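Single-structure report; data block below.
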Amino acid sequence: MYPSAAPAGCPPYNSKNGHGNGLYPLPQAFLQHHQQLAEAPRNIANTNFHGRTLPAGPSDIPLYDWKPSPSTPPGPHASALANGRKRHSGDHSPYNLKRQHFSSPVPHYGSPPAVGTSPSVSRPGPRETQSTLIQHSPLSPQPSAPRMPPLWGENPRSSLQAYAKDKLSGQMVELFEACQQQSTDLERKELCRAQLQREIQRLFPLVRLYLAGSSLSGFGSRNSDADLCLVIQAAPVDQRNDAVYVLSLIQQLFYRLSYIERPQLIRAKVPILKFRDKVSGVEFDLNVNNTVGIRNTFLLRSYAYAERRVRPIILVVKRWARHHRINDASKGTLSSYTLVLMVLHYLQTLPEPVIPSLQNEYPECFSPSMDIHRVPEGPRDIPPYSSSNQASLGELLLGFLKYYTSVFRWDKQVISVREAKALPKSNSLEWRDKFICVEEPFDGTNTARAVHEKVKFDAIKAQFAESWQMLQLRRDLNFILPIRNTIQR
């Protein structure tokens, strides 16, 4: 399926000097850094590309070899009662880790289909899986193969039909079931990720390439792009200079791969390399060391499978926003990530919350200081959440539109999923003079900073108000989002 790099014009990997025959003149300090990681992983001396000292990462990270027992004990809060609501724990832990392979909640009736390795895609070689030194390095290669989760989380008897007894809710279920990402979609992305990791390791032998974003969080759709994060070192990377340099080298590599189309380097606050995989037809965005994206992927994934109404309402809201052209951060409107946080915040702040703050209730699972390569393992013991709120999907969608039309104070409040409440807007630089303030759950930045023009802000507010009024009157999703056209697209 994927041709090897050498026939495609890329020189073979040279194990003596750690880079491709001098084709790509890597900075000497960076090469020395990777050589030190390979030769002495227990005595790391981190330097960045310009030779400045960086904080040392953990000296030894063993292989993940966590094996679930037939009945994994629930998390520390599994039996806690809160406001008359209790948590349930299934017979299996929702997150099973074995040798860095991430799996999603497994229902009682069987496991979800594993993402297999195509016979035409070679398995990782000895450099990736058999070198003891590399395995124990903080930047050891990650042969991860995400597994597609079951549709409704832990309980196979649960169904959205209990929340879809009215016309509007039924339309939302129809749209969700037609547009949600399928296991085959995730398999295609994972196969490409695994192959690209092998190719990139020709330049940087000890890196890991992570699939992130909606593709892995559970909020993706059939035509979602895929986000990739290349982790090259434990310490932060200078995004303006070093990340751009690394991406420019990878861009040169990708030009030589016959299955990669249109690699384009985008210089931004977090620079990315955009490209298309001809085999899968998927568009990818690749960044370097933007590890907060990996952390929030697994946080959102935990919310996605905590309550079965979360995924459908978020997919519908994202489609609605895209239809009305208020879902494009590059054009000064809302990013998909911001929309997800806005929905989660609304569901958290209802008189009877649909979901809690997972960061508050399970701080040890989502610690911002957790080593990035252990993040997939963090939420493995979080049980499903049982809410006393039994509102239908249609009622929740109406409430979401109403909340941001007439309840939430844009000029005085900050949306916080971390705290499960609206925080008072301070005069700090992050929030001052910003039209929309949405707190990133890990680094505290404003995910809605792209909305910097009043005309765009006014258009967003107007669309919320117009859609709420129309939906309240008609109770038909087609009046704010044409279902048939959306599914066909």
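What you are looking at is a predicted structure, and each value in this text was computed from that prediction instead of being measured.
Remark: R240 engages D238 in a side-chain contact (heavy atoms from CB on, under 4.5 Å) (not counting sequence neighbours). Under the rule for a salt bridge (Lys or Arg N to Asp or Glu O under 4.0 Å), E419 has no partner lying at least two apart in sequence or in another chain.
Proximity of a side-chain donor or acceptor of E307 to a complementary backbone N or O of R309 within less than 3.5 Å is detected. Proximity of a side-chain donor or acceptor of E261 to a complementary backbone N or O of K278 within less than 3.5 Å is not detected.
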Exercise for the section: Could you please spell out the steps behind the side chain to side chain contact (heavy atoms under 4.5 Å, CB included) verdict for R222 and Q180? Expected result: CA-CA 6 Å; R222 298 299 311 268; Q180 66 169 322; over 6 Å; no

Practice task
For salt bridge (charged side-chain N to carboxylate O under 4.0 Å, His left out), just list the numbers for K274 and E283, CA-CA rounded to whole Å, side-chain angles, deciding distance to a tenth of an Å, and then say yes or no.
Solution key: CA-CA 7 Å; K274 296 182 71 72; E283 300 275 353; over 6 Å; no

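Judged as a salt bridge (Lys or Arg N to Asp or Glu O under 4.0 Å), the pairs with a partner in residues 446-459 (not counting sequence neighbours) are, in order, K454-D458.
In summary, the side chains of T338 and T447 do present a donor paired with an acceptor at a separation below 3.5 Å, with no hydrogens or angles considered. No side-chain N or O of R198 forms a donor-acceptor pair with one of Q201 less than 3.5 Å apart. Defined by atom type and a distance below 3.5 Å, a donor-acceptor pair is present between the side-chain atoms of Q348 and Y303. For the 3.5 Å distance criterion, the side chains of N327 and S336 qualify, holding a donor opposite an acceptor. With no hydrogens or angles considered, a side-chain donor-acceptor pair links D328 and S330 at under 3.5 Å.
Below 30°, between 30° and 60°, or above 60°: for F435 and F457 the angle between ring planes is below 30°, a parallel geometry.
Paired with D185 under the rule side chain to side chain donor-acceptor pair (under 3.5 Å), one option of K189, Q181, R188 passes, and it is R188. Screening V375, I382, N296 for a side-chain contact (heavy atoms from CB on, under 4.5 Å) involving F366 leaves a single residue, I382.
Within the 4.5 Å cutoff, the side chain of L300 has heavy atoms near those of the L341 side chain.
Atom CG of L257 and atom CG of L196 lie 7.5 Å apart (nearest 0.5 Å).
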